[in-house]
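Since the structure comes first, as structure tokens, the remarks are kept for the end.
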Amino acid sequence: MEIQNYINGKFVKPISNDWIDNYCPADGEIYGQIPNSSTADVENAYKAAETAFNDWSQTSIEERSRILIKISELLEANLDRFAEAESKDNGKPIGLAKTIDIPRAASNFRFFGNAITQFSSESHESVGQDAVNFTLRQPIGVVGCISPWNLPLYLFTWKIAPAIAAGNCVVAKPSEITPLTAFLLGEICTEAGLPNGVLNIVHGFGKTTGHAIIEHPNIKAISFTGGTSTGAQIAKIAAPMFKKLSLELGGKNPNIIFADCDYDDMLRTTVRSSFANQGQICLCGSRIFIEKSIYNKFKSDFVEKVKQLKIGHPSNPDTDIGALVSIPHLEKVKSYINFENDEGGTILCGGKQITINGYENGYYFEPTIFEVTNNECRLNQEEIFGPIVTIMPFDDEDNALQMANDIKYGLSATVWTNNLKRTMRMSSKLQAGIVWINTWMLRDLRTPFGGVKASGVGREGGFEALRFFTETKNVCIKY
Ligand code: NDP
């Protein structure tokens, strides 16, 4: 299958006619080619976006809203096709793609199609000075959106939808590892009547295609989701050009379990928050801290449940754990297994790459639980972003909090307790952009989303995203 760039409403080959192989993680086969786009392709995408901007920024809110909601409806109507594509490209279980990834991509368009109709700005009456101030929130112009491979369409649309809802035109790049659903999205946008040039999708490597978007002098805002070190490189390039930046970066999130929690609910959810999408979700709770009094019980129950997870081909509806996304990522995950010897951790289950009959070249790895004794170990400090979690006991609230915060990351945290005062203390003291109490990944798209410390800068979601994708201008009228 040949994936092409989507520029000015047309599917086009890369100018260089240079291509990258696209691998299927479930069987290791090459099943397509994607454009290895250069600076010249990005320039064409930019020009199309710039040309479209005048009309699109003047298009009524109602019309923009109508088109976004139409895109959402078309995604829903094509659920199976998109879910199959996402599962094949990424290795994720088809059930997950059908119930989470694609419905959520559709929700992103519907949500921001509605949100833009409710987005308002402030007015300040300067009493005693015969003046009134009001604030305009104007689209920025051409903006860049760059997204990772773990939740491909879900995160791609999380950026694109608010950007175009707010009246901007977009040059977007999905991860070159998972380009397929972004490619299919182009068709849907055309069918929904999105004017040519409002959304332009260029495929290629981050270091070249992504870099060309970041360093383009007239792409004035960048919304990026990906790794922390990539975010730092992007900031270095963008900062001297004074670009607006939203960076959603890595996480190494604590899951803190107190003895007074609803145990069964906690156990069920902890299996999910550890291994959903093969642990390749930035919000996964990969450091699990358990109150000492229930530690041994939790340890045996958790191991038993995780051993029951079915690893299999992503297209099998019974599969819980599909394939990891790529060989380099599989190798990275495997490299942490040696830490058992290096740092005194003990593997309680998993720990091995496995083969699935008929798909011997697929990238499968067992869900793995390490018991560790020291929060300073690399297993507890580095983002693995795969099916590996650690468990460790804590003595009391202060001890749990100290370990949870003693890390460079600060994306999300989960706390399991039925003690209201503790809930409030923990919520206030945890260093994270998002805190879940007695749940995990329960999302309401109106809420601010993002991290602190090395997990990012800025917030997306709800009106925060619309604020990011608009420039604020105050107008003062003396009467
Ligand atoms: P990367 O940082 O490697 O890549 C993310 C995107 O940026 C890809 O499209 C990539 O292209 C591109 N890119 C890479 N280098 C550059 C560059 N120099 N300039 C511009 N673009 C570039 O992350 P991964 O794709 O490996 O995704 C995993 C990471 O994403 C994890 O750290 C995870 O925690 C984080 N993440 C954060 C989330 C959040 O909301 N905070 C949500 C989901 C994931 P290419 O693929 O071609 O290299």
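Here the structure is a predicted model, which means the values were calculated and not measured. Counting convention: from 1, in listed order, for ligands and their atoms alike.
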Ligand 1 atoms nearer than 4.0 angstrom to some heavy atom of F205 are 47 (O)

Q278 side chain near P93 side chain, heavy-atom distance below 4.5 Å:
yes

Does one side chain, of D21 or Q33, offer a donor that lies under 3.5 Å from an acceptor on the other?
yes

Please work out whether the ring planes of F11 and Y6 are parallel, tilted or perpendicular, with thresholds of 30° and 60°.
tilted

What protein heavy atom sits nearest atom 46 (O) of ligand 1, and how far off is it?
S175 OG, 2.9 Å

Ignoring hydrogens, just give me the one of A182, S455, G206 whose non-hydrogen atom is nearest atom 13 (N) of ligand 1.
G206

Closest approach of any protein heavy atom to atom 27 (O) of ligand 1, naming residue and atom:
P148 CB, 3.3 Å

Is atom 7 (O) of ligand 1 less than 4.0 angstrom from at least one protein heavy atom?
yes

Of the protein's non-hydrogen atoms, which lies at the shortest distance from atom 24 (P) of ligand 1, and what is that distance?
W149 NE1, 3.3 Å

Report yes or no: does a heavy atom of S147 sit under 4.0 Å from some atom of ligand 1?
yes

Pick one of side chain, backbone, both or neither for how L151 approaches ligand 1, counting any non-hydrogen atom pair under 4.0 Å.
neither

How far is atom 47 (O) of ligand 1 from its nearest protein heavy atom, and which residue and atom is that?
E176 OE1, 2.4 Å

Test your reading of the model: is there a side-chain donor-acceptor pair from S87 to the backbone of K92, 3.5 Å cut-off?
yes

Would you check if the side chain of N438 reaches a backbone N or O of T417 as a donor-acceptor pair within less than 3.5 Å?
yes

N/O of T230 under 3.5 Å from N/O of ligand 1, yes or no?
yes

Which residue and non-hydrogen atom of the protein lie closest to atom 28 (C) of ligand 1, and at what distance in Å?
F385 CE2, 3.6 Å

Mind checking the CZ-CZ spacing from F370 to R287? Nearest 0.5 Å is all I need.
16.0 Å

Under 4.0 Å from any heavy atom of F449, which atoms of ligand 1 are there?
40 (O)

Which of these, R443, K159, R467, sits in a salt bridge (Lys or Arg N to Asp or Glu O under 4.0 Å) with E460?
K159

Going through the distances and angles, do E50 and K47 end up as a salt bridge (charged side-chain N to carboxylate O under 4.0 Å, His left out)?
CA-CA 5 Å; E50 190 204 19; K47 281 191 188 131; over 6 Å; no

Can you name the side chain to side chain donor-acceptor pair (under 3.5 Å) partners of K429, sequence neighbours left out?
none

Show the atoms of ligand 1 that are less than 4.0 angstrom away from any heavy atom in L411.
41 (N)

Measure Q233 to ligand 1 on non-hydrogen atoms and call it side chain, backbone, both or neither using the 4.0 Å cut-off.
side chain

Does a side chain donor of either T390 or N380 reach within less than 3.5 Å of an acceptor in the other side chain?
yes

Does ligand 1 have a heavy atom under 4.0 Å from the side chain of E383, from its backbone, from both, or from neither?
side chain

Row check, W158 ring normal vs R104 NZ/CZ: under 6.0 Å, within 45°
yes

Do we see a donor-acceptor contact under 3.5 Å between the side chains of D89 and Y31?
yes

Near N150 (heavy-atom distance under 4.0 Å), the atoms of ligand 1 are 43 (C), 44 (C)

For ligand 1, the portion of T225 having any non-hydrogen atom under 4.0 Å away
both

Could an N or O of ligand 1 be found under 3.5 Å from any N or O of K173, whether backbone or side chain?
yes

Starting from atom 38 (C) of ligand 1, what is the nearest protein heavy atom, named by residue and atom, and what distance separates them?
C282 SG, 3.0 Å

Show, in sequence, the C-alpha distance, side-chain angles and deciding distance for K220 and E471, and conclude whether the salt bridge (charged side-chain N to carboxylate O under 4.0 Å, His left out) test is met.
CA-CA 10 Å; K220 301 211 183 78; E471 203 59 83; over 6 Å; no

Short N/O distance, under 3.5 Å, between T228 and ligand 1?
no

Flag L249 as yes when one of its N or O atoms lies below 3.5 Å from any N or O atom of ligand 1, and as no otherwise.
yes

How far is atom 35 (C) of ligand 1 from the closest protein heavy atom, and which atom is that?
G226 O, 3.2 Å

Within 4.0 Å of some non-hydrogen atom of P174, the atoms of ligand 1 are 9 (O)

Which of the atoms of ligand 1 are close to H211, meaning less than 4.0 Å from one of its heavy atoms?
19 (N), 20 (C)

With a 4.0 Å cut-off on heavy atoms, does G204 reach ligand 1?
yes

For atom 20 (C) of ligand 1, the protein heavy atom that lies nearest, with its residue and separation
G210 C, 3.3 Å

For residues 22-35, the salt bridge (charged side-chain N to carboxylate O under 4.0 Å, His left out) pairs (sequence neighbours left out) are none

Under 4.0 Å from a heavy atom of I214: give me the atoms of ligand 1 that qualify, with their elements.
20 (C)

Can you say whether the rings of Y46 and H216 are parallel (under 30°), tilted (30 to 60°) or perpendicular (over 60°)?
tilted

May I ask you to decide if the ring planes of F385 and H329 are parallel, tilted or perpendicular, using 30° and 60° as cut-offs?
perpendicular

Is ligand 1 under 4.0 Å from a heavy atom in the side chain of S229, in the backbone, in both, or in neither?
neither

Validation row: Q280, L151 side chains within 4.5 angstrom (heavy atoms)
no

List every atom of ligand 1 that sits less than 4.0 Å from any heavy atom of G227, numbering the atoms from 1 in the order shown and giving each element.
1 (P), 2 (O), 23 (O), 29 (C), 30 (O), 32 (O)

